[in-house]
Peer 1: 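Once you've had a glance at the structure underneath, I'll fire off some questions.
Just so we're on the same page: letters track the sequence lines, and every chain starts at 1.
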Amino acid sequence: MRDGKISETLLAWYDTHARDLPWRVSPARRSAGQHPDPYRVWLSEIMLQQTTVAAVRDYFHRFTALWPDVQALAAAPDGDVMGEWAGLGYYARARNLLKCARIIASEFGGQFPTNHDALLALPGIGPYTAAAISAIAFDLPETVMDGNVERVMARLFDVHSPLPTAKPELKAHAAALTPQNRPGDYAQAVMDLGATICTPRAPSCNRCPLHSRCRARQTGTAAELPKKTPKAPKPTRRGIVYLLQRDDGAWLLERRPDSGLLGGMLGWPGSQWGETAQKAAPIKADWQVLPAEVRHTFTHFHLILTVKTATVSAARNPQTGFFLTREEFRPSDLPTVMRKAYDLAQSTMAAGVE
DNA sequence: CAAGCGTGGTG
DNA sequence: TCACCAAGCTT
């Protein structure tokens, strides 16, 4: 077709189809002179790393209600922020979020830098997020490259070489399309297209504004692009967690080390997770093995957890961890795998199994 | 630079 | 059921 540039077609589509997202300033409001809040753009982009809009929405609302600006977040206790992040995954993001907020508050006077390289130097902000903040918050003509853009470019230009090898080629295509006009809306338009129309499986080509320009659709290869190198199978690991409740209702918990899996999060005392891990209980007690196990899948392994429960008197102290009282302990502060163990223990007790 | 790092939705 | 996938970053 000869009906103008791809960027203009996408912007026109975005004007009528942009999703209403809590961190977004709609095209109508933006043309009326409203600007996005860089704090909210940054927070949303960190939450959206490898995470769907549906999963992020409630977390974004809770975070902005508790901490409406970067100074408020910078002043928050670590445990509060980690607890609010619990369940969202990739917990290094929460640790880096707090680090970054404190740098912005103390060294940047509470203002996010607009410059791409200055953004890139901040913790938790990589090439994608730096470009996204520059484009969306400051309307600068940066090219954002995420999974959506990679997929849209691979299909538009029918690129069959597999990821990650194809990244530079796809980035060149994306850069060539990035407009000087409304780059922030354009960046969101490409990603919205990838999230709602040009989806990984079963793309809705019949509804696509770039239908007539897409080479993969013409060739019939859209659904199989982008190609990816196959991933290694996940091994299965096993472990034990110990859920100890004091007779006043307090639970024994540990704060996990800052680095590594579930870093900085609350968790139950337990064994290492490996082939055949065993570990002594944190205190001598009448431990009960729950009749069901916890199954959970992480990025790179499956986990099967045996859950053991016991009750002790307040007079006795375990070798590890600390007690949180009924009032202090919120199950929602636990990462999902630990929450599953808690829920299993609760449902087992409710069923009357001692 | 390849591996480590969570979780919920989906087909 | 289960592998794949998501607005990636760090080491």
Peer 1: Report the distance from atom OH of A:Tyr90 to atom C1' of C:dA6, rounded to the nearest whole Å.
Peer 2: 9 Å

Peer 1: Can you say whether the rings of A:Phe112 and A:Trp42 are parallel (under 30°), tilted (30 to 60°) or perpendicular (over 60°)?
Peer 2: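 The arrangement is tilted - the two ring planes meet at 30° to 60°.
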
Peer 1: Counting the atoms with a prime plus P, OP1 and OP2 as sugar-phosphate, which does A:Gly87 contact under 4.0 Å by heavy atoms, base, sugar-phosphate, or nothing?
Peer 2: sugar-phosphate

Peer 1: Salt bridge between A:Asp343 and A:Arg339, side-chain N to carboxylate O under 4.0 Å?
Peer 2: yes

Peer 1: Ignoring backbone atoms, test whether A:Thr129 places a side-chain nitrogen or oxygen under 4.0 Å from the OP1 or OP2 oxygen of C:dG8.
Peer 2: no

Peer 1: Taking the six-membered ring for Trp, are A:Trp251 and A:Phe329 parallel (under 30°), tilted (30 to 60°) or perpendicular (over 60°)?
Peer 2: tilted

Peer 1: Check the phosphate of B:dG6 against A:His296, side-chain N and O only, distance under 4.0 Å to OP1 or OP2. Yes or no?
Peer 2: no

Peer 1: Name the nucleic acid region contacted by A:Pro233, choosing base, sugar-phosphate or nothing; use a 4.0 angstrom heavy-atom cut-off, strictly under.
Peer 2: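 The residue A:Pro233 makes no contact with any strand.
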
Peer 1: In whole angstrom, what separates A:His302's NE2 from C:dT1's C1'?
Peer 2: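 Atom-to-atom, A:His302 to C:dT1, this comes out as 11 Å.
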
Peer 1: Reckon A:His300 has a side-chain N or O less than 4.0 Å from the OP1 or OP2 of B:dC5?
Peer 2: yes

Peer 1: Atom CD of A:Glu142 and atom NE2 of A:His116: how far apart are they, to the nearest 0.5 Å?
Peer 2: 5.0 Å

Peer 1: Return whichever of A:Asp192 or A:Arg201 has its heavy-atom-nearest nucleotide of DNA chain C closer to the 5' end.
Peer 2: A:Arg201

Peer 1: Between the base of C:dG8 and the side chain of A:Thr51, is there any donor-acceptor pair under 3.5 Å?
Peer 2: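 When only heavy-atom distances are counted, A:Thr51 does not reach the base of C:dG8 through any donor-acceptor pair under 3.5 Å.
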
Peer 1: Looking only at atom P, what distance separates B:dG8 and C:dC9, rounded to whole Å?
Peer 2: 22 Å

Peer 1: Using a strict 4.0 Å threshold on nitrogen-to-oxygen distance, state whether A:Arg151 and A:Asp146 make a salt bridge.
Peer 2: no

Peer 1: Under 4.0 Å between any heavy atoms, over every strand shown, what does A:Ile125 touch: base, sugar-phosphate, or nothing? Just pick one.
Peer 2: sugar-phosphate

Peer 1: Given atom CZ of A:Phe301 and atom P of B:dG4, what is their separation to the nearest angstrom?
Peer 2: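 One finds 10 Å between P of B:dG4 and CZ of A:Phe301, rounded.
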
Peer 1: Less than 4.0 angstrom between a side-chain N/O of A:Gln49 and OP1 or OP2 of C:dG8, yes or no?
Peer 2: no

Peer 1: Does OP1 or OP2 of C:dA6 have a side-chain N or O of A:Lys228 closer than 4.0 Å?
Peer 2: yes

Peer 1: Please state whether the phosphate of C:dA7, meaning OP1 or OP2, lies under 4.0 angstrom from any side-chain nitrogen or oxygen of A:Arg151.
Peer 2: yes

Peer 1: Classify the nucleic acid contact of A:Lys234 as base, sugar-phosphate or nothing, counting any heavy atom under 4.0 Å across all strands shown.
Peer 2: nothing

Peer 1: For atom P, what is the distance between B:dC5 and C:dA7, given to the nearest Å?
Peer 2: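 23 Å, rounded to whole Å.
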
Peer 1: Considering only heavy atoms and no angle criterion, is a donor-acceptor pair shorter than 3.5 Å present between the side chain of A:Thr299 and the base of B:dG6?
Peer 2: yes

Peer 1: Counting distance alone, no hydrogens or angles: does the base of C:dA7 have a donor or acceptor under 3.5 Å from a partner atom on the side chain of A:Arg93?
Peer 2: no

